[in-house]
Amino acid sequence: MFLEDLFLLGVRVVKDQEVKILSNIQVSERYWHMVVDASGLASDVEPGQFFYIDCGQENESFLRRPFSVYRINQDDQTLEFLYLTKGLGTQALTKLKQGETVRSFGPLGQGFSLQEDAQKILLLARGVGIATLAALAQEASKKGVQCAAILSARSHNDLLAAEMLQGFGAEVHKVTEEDGTSDVENVRDIIEDITARHNIDAAYTCGSRRLSRLLQDITSKKDIPAEIALEEHMGCAMGVCYACVCDVVEDDEIRTVRVCLEGPVFPLQKVMMQP
Ligand SMILES: Cc1cc2nc3c(=O)[nH]c(=O)nc-3n(C[C@H](O)[C@H](O)[C@H](O)COP(=O)(O)OP(=O)(O)OC[C@H]3O[C@@H](n4cnc5c(N)ncnc54)[C@H](O)[C@@H]3O)c2cc1C
């Protein structure tokens, strides 16, 4: 078996390769954090892109699982992933130990766009959606772009990355079911407050259709460019099987696009949000 396979997806060279696990630890009741050696990647990784990872679930299912890059550490050439344990794949992933390797295909998909002249951005994450938006906060901090983030979760235990975002200088608002603060109207009030105090150049969301519809509503009224990272069940992750399609509206026409190839990041206003 080959240890590395190279693929040309569009104009990008993508590698399917064994990467070394530097750590893989439980960080809360339901979440794990994995760091891998990224020194052998074929191309740079952008916030919003993802890797298609063989979780080692052996005979149970041959499908890999998609995971967004959570942190990109260029200096020490590592990548971090934050994952929620859900079913067979993610449970098998927790069994992999430091020093072992994991087969990983990527970086895949289209990442977020962060305009050079942006000064302040808004992030709206629900649950594990923060795993996708955190790398954007990291990039924003590097470019001197200020960030306001609303993190929504079931409980305080699930509010991950808040301290990391604060470390990047972000203004962080936490809402939870536990506190009774995560309802849409309260989140609307927080967004209205942030947009009244700051000139928001762009907004980004991941993790909740309900909150994405809210952000779609507010950003269209205020004419703020916005993007969403979508999650759909994937088959091949390279645009062949059409398992991960969703509908977008372009020039008044509905177009079916693949989350793995044309996404996972899309302009929020174009995405047809199912109830
Ligand atoms: C582009 C992208 C980025 C993602 N990034 C992250 C991340 O950073 N951290 C994280 O915890 N999760 C992320 N997810 C969701 C993650 O891929 C699923 O939670 C995971 O595949 C579940 O696998 P499982 O075997 O544990 O669960 P199961 O429920 O047993 O999975 C069964 C099947 O459904 C698919 N599936 C289940 N839920 C999802 C889902 N939400 N999205 C896509 N496929 C799903 C699996 O691939 C599998 O084929 C991402 C999904 C996408 C599409």
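Just the heavy atoms: all of them, side chains too, but no hydrogens, waters or symmetry mates, feed the values below. Bear in mind the structure is a predicted one, so any value in this text is a computation, not a measurement. For ligands, and for the atoms within them, numbers begin at 1 and follow the listed sequence.
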Distance-only criterion, 3.5 Å: show the donor-acceptor pairs between side-chain atoms of residues 107-116 and protein atoms not counting sequence neighbours.
from: Gln110; atom 1: NE2; to: Leu261; atom 2: O; distance (Å): 3.1
from: Ser113; atom 1: OG; to: Glu227; atom 2: OE1; distance (Å): 3.4
from: Ser113; atom 1: OG; to: Glu227; atom 2: OE2; distance (Å): 2.5

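- Every atom of ligand 1 is numbered from 1 in the order shown, and the set under 4.0 Å from a heavy atom of Phe50 is 1 (C).
- Between atom 40 (C) of ligand 1 and the options Arg64, Gln91, Glu231, the minimum heavy-atom separation is to Glu231.
- For the ligand labelled ligand 1, residue Val259 lies outside the 4.0 Å heavy-atom shell.
- In the vicinity of Tyr83, heavy-atom distances shorter than 4.0 Å reach the ligand 1 atoms 9 (N), 10 (C), 11 (O).
- At a heavy-atom distance under 4.0 Å, only side-chain atoms of Leu63, from C-beta outward, approach ligand 1.
- The residue among Pro66, Gly207, Ser68 with a heavy atom at the shortest distance from atom 13 (C) of ligand 1 is Pro66.
- Between Arg126 and Glu177 there is a salt bridge, since at least one side-chain N of the basic residue sits less than 4.0 Å from a carboxylate O of the acidic one.
- Only the side chain of Val128 comes within 4.0 Å of ligand 1, counting heavy atoms alone; its backbone N, CA, C and O stay farther away.
- Counted by atom type alone, Asn73 and Thr78 present one or more donor-acceptor pairs between their side chains at under 3.5 Å.
- Every residue was checked against the ring-ring contact (aromatic ring centres under 6.0 Å, His included) condition with Tyr31, not counting sequence neighbours, and none meets it.
- Of the N and O atoms on the side chains of Gln74 and Lys142, at least one donor lies less than 3.5 Å from an acceptor on the other residue.
- Relative ring orientation between Trp32 and Tyr83 is described as parallel, the plane-to-plane angle staying below 30° on a 0-90° scale split at 30° and 60°.
- Smallest separation of non-hydrogen atoms from Cys55 and Leu96: O-CD1, 4.2 Å.
- Ligand 1 has an N or O atom lying under 3.5 Å from an N or O atom of Leu84, backbone or side chain.
- Evaluated by nearest non-hydrogen atom to atom 38 (N) of ligand 1, the leading choice among Arg65, Lys86, Arg30 is Lys86.
- When only interatomic distances are considered, the shortest N/O to N/O separation between Gly89 and ligand 1 falls below 3.5 Å.
- Each of the following atoms of ligand 1 lies closer than 4.0 Å to a heavy atom of Thr90: 24 (P), 25 (O), 26 (O).
- No hydrogens or angles considered: nothing links the side chains of Ser104 and Gln17 as a donor-acceptor pair under 3.5 Å.
- Look at Phe67 and you'll find a heavy atom under 4.0 Å from some atom of ligand 1.
- Side-chain contact, Thr101 with Glu18: a donor N or O sits under 3.5 Å from an acceptor N or O.
- Set against the non-hydrogen atoms of Glu232, the atoms of ligand 1 under 4.0 Å away are 42 (N), 43 (C), 44 (N), 53 (C).
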